[in-house]
Amino acid sequence: MSEPVYFAAVPRLKWSLWLLPALACRGPFPQSTLDPRSDFSAAIDGLFTNIFWWALFVFVVVESLLVYAIIRYRARPGAPEPKPLHGHTALEIGWTLAPALILVFIAVPTIRTIFATAGHAPPSALRVEVIGHQWWWEFRYPSLGITTANELHLPVHTPIQLDLSSADIIHSFWVPRLGGKRDLTPGHVTRIAFRSDSAGEYLGQCAEFCGVSHANMRLRVFVQPEAEFQAWVAGQQPASGPAAAGGDARVPEGRQEFVRNGCIACHTIAELPQARGVLGPNLSRVGSRTTIAGGLFANTADNLRRWIHNAPAVKPGALMPPSLLPDSELDALVAYLQSLK
Ligand code: HEC
Ligand SMILES: [Cu+2]
């Protein structure tokens with residue numbers, strides 16, 4: 001299966017960018033926490049940079065003193081023993097106070113960042129409920145009547161509040177350039193509030209080991225200009241008419257297969273009254289997504305066919321049973337799902 005190339009969030013040191021301009025192209029690091037695109041991640045990045053410089057300062061001072069002492073007081077033939085130093089009050093006060101002060105300079109911004117990234121969004125914020133499932137993400141927009149999976153669309157320049165919870169075990173929401181990590185816990189709602197001022201596509205990842213396909217529990221966030229976001233919202237509305245109108249002649253047959261093969265037990269499709277299952281992703285507009293299966297595969301006919309035929313064979317542990325349907329039925333199902341845009 002064709003699979004997009006991902007890179008783990010590599011914690012690079014910023015100065016390595018200055019030393020190696022060749023690396024300055026940030027393209028290959030789509031999950032770098034050091035390339036923030038929201039107020040939340042900028043706060044974390046700022047704190048990191050701050051602490052990095054303090055650490056560098058301490059390193060340089062300590063190592064310089066060490067190297068100086070090693071050279072200056074090394075054993076030389078005929079040289080007298082260096083005089084040991086005891087009870088130098090000024091020195092002792094100095095080397096107690098200096099680290100204490102440095103710790104204060106680190107602690108104060110750290111605590112401020114913790115509070116800044118733990119706050120609520122303003123009441124005007126767009127609220128999205130994020131529900132972690134083994135091994136996919138559900139996104140519900142209560143104010144817009146939309147439920148979708150694995151691809152989160154958000155308007156740019158708008159305060160966002162994500163209410164995080166889990167349908168099964170603990171997961172963790174992490175889109176390094178926007179926000180996180182924050183745990184999704186069953187029976188408890190945690191939250192992340194942020195605002196992004198740069199439209200773009202951001203990759204994320206479940207960051208809490210949650211079973212076999214933990215590494216295949218990815219997500220994409222599309223931060224879009226207002227008009228683009230509104231167009232997406234309009235397209236997702238069940239009210240915008242049966243999505244499956246027109247198009248492929250096999251669509252009606254696919255709709256029947258969807259009912260006949262028990263897909264309706266686990267999936268909801270707005271235009272299909274029998275399909276009200278909630279164990280799997282909402283498929284009302286599955287055709288409009290760029291990927292399926294927790295961001296694992298491009299949403300192509302081939303990948304859909306293989307997925308429906310035997311999901312656990314392409315995504316280890318996937319909680320969708322193999323259908324092992326013959327090609328003709330798979331084709332009809334794929335035509336139907338692709339028509340749901
Ligand atoms: C027992 C419940 C169950 C049944 C029955 C089931 N599915 Fe699924 N389906 C799931 C789960 C769970 C996922 C998410 C798996 C993952 O990503 O790890 C899923 C994912 C999908 C996806 C990918 C959606 C996305 O956006 O990622 C499609 C398409 C799909 N199912 C189609 C079907 C079809 C067609 C059938 C009937 C032949 C079917 N399913 C039957 C549980 C089920
Ligand atoms: Cu997870």
Side-chain angles (χ1 to χ4, degrees), residues 1 130-139 147-152 164-174 180-186 204-220 236 250-251 253-269 272 274-327 329-341:
M1 285 190 122
V130 178
I131 301 153
H133 295 257
Q134 285 174 312
W135 291 274
W136 56 281
W137 303 88
E138 181 174 353
F139 301 118
T147 302
T148 184
N150 302 321
E151 299 188 352
L152 177 61
L164 313 169
S165 63
S166 167
D168 35 52
I169 60 172
I170 300 179
H171 303 273
S172 176
F173 180 92
W174 195 31
K181 312 163 175 173
R182 189 136 306 158
D183 279 3
L184 297 87
T185 314
Q205 182 85 47
C206 177
E208 179 72 57
F209 180 67
C210 59
V212 202
S213 256
H214 161 64
N216 298 324
M217 183 169 166
R218 304 163 179 177
L219 72 146
R220 276 181 160 66
Q236 298 292 308
R250 310 206 56 187
V251 167
E253 186 191 337
R255 188 187 284 114
Q256 279 173 16
E257 296 292 351
F258 197 86
V259 177
R260 218 164 54 83
N261 289 298
C263 318
I264 52 172
C266 296
H267 293 288
T268 292
I269 295 182
L272 187 60
Q274 299 99 312
R276 291 293 175 266
V278 291
L279 290 179
N282 185 309
L283 300 179
S284 300
R285 301 286 170 191
V286 65
S288 70
R289 302 207 260 276
T290 65
T291 56
I292 55 162
L296 198 51
F297 306 118
N299 189 3
T300 63
D302 265 2
N303 287 344
L304 276 171
R305 193 178 294 111
R306 261 179 288 228
W307 175 261
I308 299 167
H309 185 252
N310 193 345
V314 289
K315 179 173 178 177
L319 296 174
M320 165 160 152
S323 73
L324 306 178
L325 291 171
D327 277 347
E329 290 173 33
L330 286 176
D331 288 344
L333 273 169
V334 168
Y336 173 52
L337 292 176
Q338 287 196 313
S339 77
L340 298 171
K341 292 201 167 82

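Everything numeric here is computed off the predicted structure, so don't read it as measured data. Counting starts at 1 for both ligands and their atoms, following the listed order.
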Problem - Any N/O pair Gln134/ligand 1 closer than 3.5 Å - result: no
Handout entry: Over all atoms of both residues, closest heavy-atom pair of Asn299 and Val286
Key = ND2-O, 3.0 Å
Handout entry: Nearest-neighbour protein heavy atom for atom 1 (C) of ligand 1, which is reported as residue plus atom name and distance
Key = Cys266 SG, 2.8 Å
Problem - Part of Leu283 within contact of ligand 1 (heavy atoms, under 4.0 Å) - result: side chain
Problem - Arg289, portion touching ligand 1 at heavy-atom distance under 4.0 Å - result: side chain
Exercise for the section: Examine distances only and state if a side-chain atom of Arg276 and a backbone atom of Cys266 form a donor-acceptor pair shorter than 3.5 Å. Expected result: no
Practice task
Find all atoms of ligand 1 within a distance of less than 4.0 Å from any non-hydrogen atom belonging to Ile308, and give their numbers and elements.
Solution key: 35 (C), 38 (C)
Exercise for the section: Counting heavy atoms only, name the option from Leu304, Asn299, Leu333, Val212 that's nearest to atom 29 (C) of ligand 1. Expected result: Leu304
Exercise for the section: Locate the shortest heavy-atom distance separating Ala301 from Gln338; write the atom from each residue and the value. Expected result: N-NE2, 3.4 Å
Exercise for the section: May I ask you to check whether Ala293 has an N/O atom sitting below 3.5 Å from an N/O atom of ligand 1? Expected result: yes
Fill in the blank from the handout: Restricting to heavy atoms, the pick from Tyr336, Trp307, Trp136 nearest atom 28 (C) of ligand 1 would be Trp307
Problem - Distance from atom 38 (C) of ligand 1 to nearest protein heavy atom, with residue and atom - result: Cys263 SG, 2.7 Å
Problem - 4.0 Å heavy-atom contact, Ala265 with ligand 1 - result: no
Handout entry: Plane angle bin for Phe258 and His267 - parallel if under 30°, tilted between 30 and 60°, otherwise perpendicular
Key = tilted
Practice task
Might you point out which heavy atoms bring Phe297 and Asn303 nearest each other, and give the distance in Å?
Solution key: CB-ND2, 3.7 Å
Practice task
Verify whether one side chain among Asn282 and Ser284 offers a donor that lies under 3.5 Å from an acceptor in the other.
Solution key: yes
Fill in the blank from the handout: Judged by heavy atoms only, the candidate from Arg260, Met320, Arg218, Glu329 nearest atom 33 (C) of ligand 1 is Met320
Handout entry: Distance filter under 4.0 Å to Asn150 heavy atoms, resulting ligand 1 atoms
Key = 27 (O)
Exercise for the section: Heavy-atom distances under 4.0 Å are what count here, so tell me which part of Asn216 touches ligand 1: side chain, backbone, both or neither. Expected result: neither
Completion exercise
For Leu279, the atoms of ligand 1 under 4.0 Å from one of its heavy atoms are 12 (C)
Exercise for the section: Answer whether the closest heavy-atom distance between the side chains of Trp174 and Glu208 falls below 4.5 Å. Expected result: no
Completion exercise
Shortest non-hydrogen pair, Ser172 vs Lys181, comes out as OG-CB, 3.5 Å
Exercise for the section: Give a yes or no on whether the backbone of Ile308 and the side-chain of Ser323 come within a donor-acceptor separation of less than 3.5 Å. Expected result: yes
Handout entry: Side-chain donor/acceptor of Gln205 to backbone N/O of Ala215, under 3.5 Å
Key = yes
Exercise for the section: Do me a favour and list the nearest non-hydrogen protein atom to atom 13 (C) of ligand 1 with residue, atom name and distance? Expected result: Pro281 CD, 3.3 Å
Fill in the blank from the handout: Min over His267, Arg285, His133 of heavy-atom distance to atom 30 (C) of ligand 1 lands on His267
Completion exercise
Minimal heavy-atom distance between Leu330 and Leu325, with the atoms involved, is CD1-O, 3.5 Å
Exercise for the section: Examine Asn261 against ligand 1 and note whether any of their N/O atoms are separated by less than 3.5 Å. Expected result: no
Exercise for the section: For ligand 1, indicate whether the residue Lys315 contacts it via side chain, backbone, both or neither (heavy-atom separation under 4.0 Å). Expected result: side chain
Problem - Check: Thr148/Arg289 side-chain N/O donor and acceptor closer than 3.5 Å - result: yes
Handout entry: Under 4.0 Å to a heavy atom of Leu337 - the qualifying atoms of ligand 1, by number
Key = 29 (C)
Handout entry: Contacting atoms of ligand 1, where contact means under 4.0 angstrom from a heavy atom of Gly262
Key = 5 (C)
Completion exercise
So the atoms of ligand 1 within less than 4.0 Å of a heavy atom of Leu319 turn out to be 12 (C), 42 (C)
Practice task
Side-chain contact test, heavy atoms from C-beta onward, threshold under 4.5 Å: evaluate it for Ile131 versus Ser166 and give yes or no.
Solution key: no
Exercise for the section: Tell me, please: is Ser213 in heavy-atom contact with ligand 1, that is, under 4.0 Å? Expected result: no
Problem - Val212 to Pro316 - nearest heavy-atom pair and separation - result: CG1-CB, 3.9 Å
Practice task
Quick one: the ND1 of His171, the Cu ion (ligand 2), SD of Met217 angle, rounded to 10°, please.
Solution key: 90°
